[in-house]
Protein chains: 2
Amino acid sequence: MRPTVHDIAKEAGVSLATVDRVLNARPGVREKTIARVQEAVARLGYVRDAAAANLARGRFYRLAFVLPEGPNQFVETLRAALLEACATQVADRASVKVVTTPAQDPHAVVRALRALNPRRLDGVAIMAPETPQVRDAVARLKEEGLAVVALVSDLPNAPRDRFVGIDNVAAGRTAALLTGRFAPQGGEVLVVTNSLRSRDSLDRRLGFDQVTATDFPKLSVLPTAESYDDPARMEAVAFEAAMSRPKLVGVYSMGSGNTPLLRALRRSGRLDELVVIGHELTPVTRRALIENEMAAVISQDVGHLARSALRVLRAACDAAPVFEAQERIRIEIVLRENLP
Amino acid sequence: MRPTVHDIAKEAGVSLATVDRVLNARPGVREKTIARVQEAVARLGYVRDAAAANLARGRFYRLAFVLPEGPNQFVETLRAALLEACATQVADRASVKVVTTPAQDPHAVVRALRALNPRRLDGVAIMAPETPQVRDAVARLKEEGLAVVALVSDLPNAPRDRFVGIDNVAAGRTAALLTGRFAPQGGEVLVVTNSLRSRDSLDRRLGFDQVTATDFPKLSVLPTAESYDDPARMEAVAFEAAMSRPKLVGVYSMGSGNTPLLRALRRSGRLDELVVIGHELTPVTRRALIENEMAAVISQDVGHLARSALRVLRAACDAAPVFEAQERIRIEIVLRENLP
DNA sequence: ACTGTTTTGAGGCACGTTCCTCATTTGCGG
DNA sequence: CCGCAAATGAGGAACGTGCCTCAAAACAGT
């Protein structure tokens with residue numbers, strides 16, 4: 001059996017109340033006594049029973065997730081993973097509210113953040129492009145004492161407690177390395193995204209350029225084409241590039257919008273000679289991998305993302321340390337053969 | 001606030017005792033009453049507070065991990081991850097004993113398993129090659145009522161409750177796909193391992209052959225070379241192949257022993273023209289990736305492995321269902337640019 | 001209506017911790 | 001040595017659930 005606070009008290013020769021005061025860093029204990037208790041803790045190898053502690057504390061975490069809305073498979077699966085995580089022990093003693101905002105309206109996010117009542121909430125996870133208004137809204141939430149984490153796309157200049165997601169520069173570098181090795185003959189690479197306003201796309205492009213510049217001189221990377229979340233525009237841009245650029249060897253899709261992209265490439269008849277690399281495993285990209293239409297998908301485990309965000313938010317609420325190793329989101333490379 | 005058993009009792013118009021009997025599937029309640037309680041549970045959206053339940057139950061999980069011993073970086077990091085996981089909430093209300101057995105002695109595992117006292121233990125995780133003796137030892141543990149999971153290397157014909165690890169056939173298929181795409185010109189591929197006795201090596205070879213046979217006719221895969229955990233032998237075999245086979249384009253290392261392998265290939269002077277793919281991210285393989293000596297490493301997150309084994313063991317002890325999505329160990333592809 | 005069985009109610013103790021209150025002791029300055 | 005504040009002890013209630021006992025009620029078959 002593990003030692004309890006009672007054992008510590010006995011071992012240190014103090015009362016239970018004093019042990020409690022020391023363990024919870026409450027004032028009113030002499031240095032000497034603190035040391036004595038801590039020694040006893042070390043000697044007996046005491047570790048606080050988190051279950052009992054939470055029970056006694058009656059702690060309840062009121063959390064909110066602000067996600068973009070739209071025909072975005074990735075966000076849909078993220079939301080599903082979130083709800084699934086809530087049904088398990090990860091979300092124990094927590095209530096989670098999911099708020100969605102129109103993807104294309106940068107003010108909508110701000111409005112949604114303002115609409116949150118800080119007194120009825122302990123923490124917020126935000127997935128949104130970084131704008132000055134969003135930064136201000138985050139700052140306001142922090143001032144109100146809320147825990148704030150950025151999700152998927154970082155808000156590096158906002159006072160968020162933490163970013164939960166992959167290192168997008170490294171993700172872009174990984175995409176470049178795969179493109180370069182899958183297309184050793186070299187040629188032109190088309191880079192597309194729905195919007196460069198999001199920090200994640202920006203970072204990915206940055207990483208992609210770093211590696212192609214230093215390691216794959218035979219690749220020439222075209223300027224980023226933005227679709228602004230318009231499928232028709234995405235399809236037109238991709239089709240145009242495929243038809244007019246004979247030296248095209250690869251396409252790197254940094255955002256969503258893989259359905260119109262693949263449709264265009266299929267239509268151009270050049271899909272099987274192109275190395276297509278995209279992000280996020282969805283039904284669309286999964287199918288494309290199986291059909292050999294996409295060479296690789298760079299992905300992040302949405303289940304891990306959801307659980308990690310929940311754990312990190314709770315830790316931030318308690319100003320407790322996080323278990324780093326568990327919260328590092330991996331850049332997953334998914335090929336046809338290691339589809340989960 | 002979340003509803004409690006008290007709320008359920010009130011809602012269903014029964015006593016607390018009856019609610020408890022229904023929730024814990026104890027006998028002595030009429031069908032009609034059971035239905036009434038379950039309706040109340042559904043209506044109020046009650047979910048059992050796992051923390052309080054475990055506390056009340058006073059459940060304590062006594063677990064043991066049986067791991068191979070030896071100069072194996074992978075096992076070392078696994079053990080470290082295990083100890084780290086024990087220090088966190090994952091191992092809450094559990095004691096974990098780690099037993100190591102000499103890697104090369106198949107009887108040592110059996111002896112270690114026999115030495116376990118089933119009355120002082122609730123569950124065991126085993127990482128060992130599958131032999132008839134191991135199967136019998138596992139069967140004996142199961143008969144004693146222990147939970148048993150196979151770790152990393154499956155024991156498909158033993159009555160283990162579950163396998164925690166990657167799908168090694170798929171891992172082999174992934175390695176083949178990478179080799180084929182990284183070496184489109186084709187040629188010979190050397191496959192090495194420390195021992196084909198382990199189920200994982202066997203499965204990886206199987207998967208590797210499947211994909212090379214169907215998708216990469218230009219690759220000809222050599223018979224598996226075994227080192228029997230002897231670094232000198234590994235080095236000799238690899239050097240010999242590199243020197244005598246001009247058409248060699250790739251090496252697939254299915255087990256441990258990457259240090260002597262890389263040393264041999266370096267010595268042969270052909271390392272930079274070979275596509276080397278190995279398993280498990282260790283200091284050795286990490287360095288080889290950074291130096292561009294290895295093209296890719298197929299890995300499994302040891303932290304995830306450790307935490308998953310703990311969770312699965314606990315669930316098996318309680319005959320509780322596991323949260324599948326969280327326990328699926330991914331086949332990670334690690335390149336230079338997405339090193340964690 | 002009688003017995004006997006099954007079902008239900010009521011209550012209490014336990015788990016390990018937190019967080020109170022109130023009384024007591026200790027240390028310190030004067 | 002006194003007075004005062006700080007430090008400590010003792011005890012208890014609570015958190016939500018599990019698990020136990022004993023008695024009361026409902027129901028079955030005769």
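Keep in mind it's a predicted model, so treat the numbers as computed, not measured.
Side-chain nitrogen and oxygen atoms of B/Thr18 include at least one within less than 4.0 Å of the OP1 or OP2 phosphate oxygen of C/dG9. For B/Asn54 and C/dC15, the shortest distance from a side-chain N or O to OP1 or OP2 is not below 4.0 Å. Side-chain N/O atoms of A/Arg57 include none lying less than 4.0 angstrom from OP1 or OP2 on C/dT17. The phosphate of D/dT8 has OP1 or OP2 within less than 4.0 Å of a side-chain N or O from A/Arg30.
Regarding B/Ile8, its CD1 atom lies at a distance of 12 Å from the C1' atom of D/dG16, rounded to whole Å. What separates OH of B/Tyr46 from C1' of D/dG16 is a distance of 8 Å, to the nearest Å. In this entry the distance linking CG of B/Asp7 with P of D/dC15 reads 12 Å, nearest Å. When rounded to the nearest whole Å, the span between CG of B/Asp49 and P of C/dC15 equals 18 Å. Look at CG on B/Leu23: it is 12 Å from P on D/dC19, rounded to the nearest Å. Atoms CG (A/Leu16) and C1' (D/dA14) sit 15 Å apart, rounded to a whole Å. Rounding to whole angstrom units, CZ of residue A/Phe60 and P of D/dA14 are separated by 21 Å. Nucleotide C/dC20 holds its P atom 10 Å from the CG atom of A/Asp20, rounded to whole Å.
Of the two residues contacting DNA chain C, namely A/Asn24 and A/Lys32, the nearest-nucleotide position lying further toward the 5' end is that of A/Asn24. Residues B/Ala56 and B/Pro27 each lie close to DNA chain C; by heavy-atom proximity, the contact nearer the 5' end of the strand is made by B/Pro27.
Counting only heavy atoms from C-beta outward, the side chains of A/Met127 and A/Leu78 approach each other to under 4.5 Å. Between B/Val96 and B/Phe65 there is a side-chain heavy-atom pair separated by less than 4.5 Å.
Of the candidate nucleotides C/dT17, C/dT8, D/dT17, C/dT17 has the atom nearest to the side chain of A/Thr4. The A/Arg26 side chain lies nearest to C/dT18 when the options are D/dG18, C/dT18, C/dT26. If you check C/dT8, C/dT17, D/dA10 against the side chain of A/Ala17, the one that comes closest is D/dA10. You'll find that the side chain of B/Leu55 is closest to C/dC15, out of C/dC15, C/dA10, C/dG27.
A salt bridge links B/Glu324 with B/Arg162: the distance from a Lys NZ or Arg NE/NH1/NH2 to an Asp or Glu carboxylate oxygen falls below 4.0 Å. Using a 4.0 Å cut-off between a side-chain N of Lys or Arg and a carboxylate O of Asp or Glu, A/Glu76 and A/Arg79 qualify as a salt bridge.
Considering CZ of A/Arg199 and OG of A/Ser153, their distance stands at 8.0 Å, rounded to 0.5 Å.
For D/dG18, the base has no donor-acceptor partner in the side chain of B/Arg21 [N/O atoms by modelled type, under 3.5 angstrom].
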